[in-house]
Amino acid sequence: MTLPVPLLAALAGLAMAASQWLIWAYAPVEATLGPVQKIFYIHLPLAWWALLSFGVTFVASVLYLLKKNIRFDLLAGAAAEIGVLFSGLALVTGSIWGRVSWNVWWTWDPRLTTTLVMWFIYAAYLLVRGLEMPRERKATVAAVLGVVAFLDVPLVFWSARLWRSVHPAVFASKEGGLTGEMATTVIACVAAWFFVWICLLLTRRRQLLQQERLLALQQTLSARN
Amino acid sequence: MTHAPRQLAAARGLGKFYGPRLVFKDVQFTLTAGQCLLLAGPNGAGKSTLLKVLAGLIPADAGTCEVQVGHDRLGFLGHVTCIYPQLSGLENLRFWAKVHGLPLDDDALRQRLAAVHLADAADDRAGTYSRGMAQRLNLARVFLNAPDLLLLDEPGTGLDAASSALLTKTIRQARERGAGVIWISHHLERDLPEADAVLALSGRGAPAYHGPASGYTPEACTC
Amino acid sequence: MLRAALIIAHKDLRLLVGRSSGLVQAVLLGLVLLFLFSLSQAPGQRLPAQSAAAVFWMASLFCEILVVNALFFVEESQGARLALTLSPMPLQAIWLGKALASLVLLLLAQCLFLPASVAFLGQSFSGDVWPALAMVLLADWGLVALGALLGALSQGQAARESLLSVVLFPLLLPLLLAAVRGMTQALGGPPEPLENWFMTAGAFDLMFTAAALFLFPYVYGGDA
C-alpha cells in the first residue's frame with residue numbers, strides 16, 4: 001500500500017492554514033468566554049481522531065490475531081502511539097477549557113474521564129509493546145490488549161456518566177449551542193486535522209516497517225558471521 | 001508384516017521466518033512408526049523452532065506439516081523439566097494423569113515412578129530433586145500416556161550417566177512399541193547410532209543434509 | 001471443559017493455599033492497605049461510607065494482582081506451561097481453572113477485609129447488605145475473568161506485579177465504580193437504585209468472559 005504521503009502532507013498544510021484563518025478571522029469571539037474559547041477548535045478534533053486511532057488499533061489487532069501478519073501489528077502500534085499523543089493533547093486543552101469554563105482543572109465529566117482512562121490504558125499498551133519478548137509473542141500479547149482495551153471504552157463512558165448523578169443524565173451536548181459560523185469552523189478543523197492524523201499514521205507505520213527490516217537485516221548478518 | 005508401517009508425521013517444503021529473517025526453508029521428511037529422525041545443526045539453526053512447529057505450538061510460514069498424532073498421544077520432552085516444585089513426585093504425576101484423563105490409581109503411579117528410579121523419592125517435594133531426578137520425573141510424565149510420537153529437545157542436557165542411560169533405554173523401548181522419535185541432540189557421536197535418518201539444518205535456509213544416518217558425518221557441523 | 005477447569009483449579013488452590021506464601025502475601029498486603037488508610041480519618045471521626053468502600057476495593061484489587069501473578073508463576077518456574085499447552089485439554093479450561101481458583105482466593109481474602117474495614121475504618125453494615133453481596137460476586141467475577149486473561153500476559157517479565165497493575169487497573173474502572181457504589185449502600189451510604197450498576201457490572205462480566213474465551217489461547221498457547 002503506497003498512499004502518497006507527500007500529497008497528503010501538502011493537503012494537511014493547506015487545510016491547517018485555512019482552518020487557522022477560520023478560527024481567528026471567520027468565527028466570532030464567544031461572548032462569555034472570550035478568545036480562550038478558540039482552544040475548543042483544537043481540542044475537539046484531537047479528541048475525535050484520538051478515538052479513531054484507538055479504533056484503528058482495535059481493527060488492526062483483530063486482523064493480526066486472525067492473519068498473523070506483522071504489518072497489522074505495526075499499524076496497531078503506530079495508531080496507538082498517535083492516539084496516546086492526541087488524547088494527551090486533548091486532555092491538556094480540555095483541562096484549560098475546563099478551568100476557564102467551569103473554574104476547575106479537572107471534573108468527573110464522562111467525556112473527560114473516558115479520555116483520561118483511555119490515555120492510561122493505551123499508555124500501558126505502549127509499555128507492553130516496549131517489553132523484551134520474542135517478536136511474535138509480543139505482537140500477539142499487544143493485539144490481545146488492543147482488543148480488550150477498545151471493548152472497555154463504551155463501558156468506561158457509560159459508567160463515568162452514571163457515576164456523576166443519581167439519575168442517568170440526559171445526553172447533554174456541549175457543542176449544541178454553537179452558532180452557524182462556529183459549527184462550520186469546527187467541522188473544517190476536524191477535516192484539517194484528519195490530514196495531519198493520516199500523515200502521521202502512515203509515516204509512523206512506514207518508520208516501524210523500516211525499523212523491522214533493518215533489525216532483520218542485522219540479525220541475518222550476525223547469524224552469518 | 002505385509003502392510004506398510006503407519007506414517008506419523010510428514011513435512012513438505014516447510015519454511016519459517018522470525019519476523020522477516022528466514023530461519024529455515026524446504027524442510028522435507030516423513031516419519032513412520034518406529035523410526036528415529038535426528039535433528040542436527042548449529043545453535044540458532046532453528047531446530048527447536050522446527051520441533052515447536054511440529055508440536056503445533058507455532059505456525060509454519062510456508063509448506064505443510066501433517067502430524068497424524070493427536071495431542072493425547074504426543075510426547076514432548078525438552079530440557080525444561082515441567083515439574084511443580086511444591087508438589088511431591090507422586091502428586092505431580094497424579095495431576096498429569098488427571099489432565100490426560102487417564103484412570104491410574106496411586107499404585108500404578110508409584111510403579112511408574114519406580115520405573116524411573118524414583119520410588120524412594122515419590123513423596124518428597126519435586127523442588128528438592130536433583131536435575132537428573134527432576135528430568136526422570138518428567139520422563140515418567142511424558143510416558144504416562146504411551147505416546148506414539150516423541151519430540152525430544154535435548155532432553156539429555158545436564159544428566160548424569162545413569163539418567164542418560166535410562167533415557168536412551170526408554171526411548172528404545174518406545175520405538176520397539178512403534179513410536180516415532182524426532183530428536184534434537186547435542187551428543188551426536190553418542191546418539192547417532194540410535195537414529196535412522198538425519199536432518200541437518202544450516203541456519204541459512206535449506207537443510208544442509210537429509211538422508212540416512214549412516215551417510216552423515218558430524219564433522220560437517222561442530223555443535 | 002468444566003472437569004478440566006476443576007482439575008486445574010484444584011491443583012492451583014492446593015499449591016497456593018498450602019504450599020507457598022502466595023495467598024498469605026496477598027491477604028497481608030490488603031490488610032496493611034486497609035490499616036494505613038485509617039490514617040486518613042481524624043481522631044474520633046469515621047470515614048464516609050463511599051471512601052471506605054473505595055479503600056475496600058483497592059485492597060481487593062491489589063490482592064487480586066498478587067494472587068493472579070502467583071497463579072501463573074506456578075507454571076512458569078519449571079516450564080510446566082509447555083506441558084499444559086500440549087495436553088489434550090482445551091486452553092480455555094486453563095483460563096477457567098485459573099479464574100475459579102482466584103475467585104475462591106479473592107472471596108477468602110475479602111472475608112478478612114470486611115471485618116478489617118469495620119475495625120480500621122470505623123464502618124458498620126447499617127445499609128442493605130444483600131444487593132451489596134450480589135454486587136461483590138458480580139464484581140469479583142469480572143475481576144478474576146479479566147485478571148486470568150491478562151495474568152498470562154506478564155509471564156516472564158521483570159516487575160510483573162507493577163506491570164499487571166498498570167494494565168489491569170484502568171481497564172477495571174467501570175467494574176470498580178459499580179462495586180464501590182454497591183458497597184457504599186451496605187455501609188449505610190445514601191440509598192440509590194442500583195439497577196444501572198448491576199447492568200454495568202453484568203455487561204462487563206459478559207463481555208470479558210466472552211473475550212477471554214476467545215483470546216486466552218492466543219496469550220497462553222504458542223511460543224513464549
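Numbers restart at 1 for each chain; the letters A, B, ... are given by sequence-line order, proteins then strands.
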Study note, to complete from the structure: One should read off an interatomic distance between B:Leu144 CG and C:Ser87 OG, to the nearest 0.5 angstrom, of 12.0 Å
Side chain, backbone, both or neither: which part of [X] has a non-hydrogen atom closer than 4.5 Å to chain B?
X       : result
C:Ser77 : side chain
C:Ile7  : both
C:Ala83 : both

Heavy-atom neighbours of [X] [atom1] exceed 12 at 6.0 Å:
X        : atom1 : value
B:Asp120 : CG    : no
C:Phe37  : CZ    : no
C:Phe169 : CZ    : yes

Practice item. For residues B:His71 and C:Leu86, determine if any side-chain heavy atom of one lies less than 4.5 Å from a side-chain heavy atom of the other. Key: yes
Practice item. Answer whether the closest heavy-atom distance between the side chains of C:Lys11 and B:Lys98 falls below 4.5 Å. Key: no
**Study point:** Neighbours of chain B found in residues 52-65 of chain C - heavy atoms under 4.5 Å
**Key:** none
Check your understanding: Is there any residue in residues 109-116 of chain C with a non-hydrogen atom under 4.5 Å from a non-hydrogen atom of chain B, and which ones are they?
Key -> none
Check your understanding: Who are the ring-ring contact (aromatic ring centres under 6.0 Å, His included) partners of B:Phe95, not counting sequence neighbours?
Key -> B:Tyr84
Exercise for review: Please name the pair of heavy atoms, one in B:Pro85 and one in C:Gln78, separated by the smallest distance, quoted to 0.1 Å.
Suggested key: CG-CG, 3.7 Å
Practice item. Using non-hydrogen atoms and a 4.5 Å limit, figure out which bit of B:Arg125 sits close to chain C: side chain, backbone, both or neither. Key: side chain
Point to revise | Contact class of B:Leu87 relative to chain C, heavy atoms under 4.5 angstrom | key: both
Practice item. Go through the structure and list residues passing side-chain contact (heavy atoms from CB on, under 4.5 Å) with B:Asp72, not counting sequence neighbours. Key: C:Pro88
Revision key, fill the gap. Assert top hit (heavy-atom pairs under 4.5 Å, partner chain C, pool B:Arg141, B:Glu91, B:Arg73) equals B:Glu91
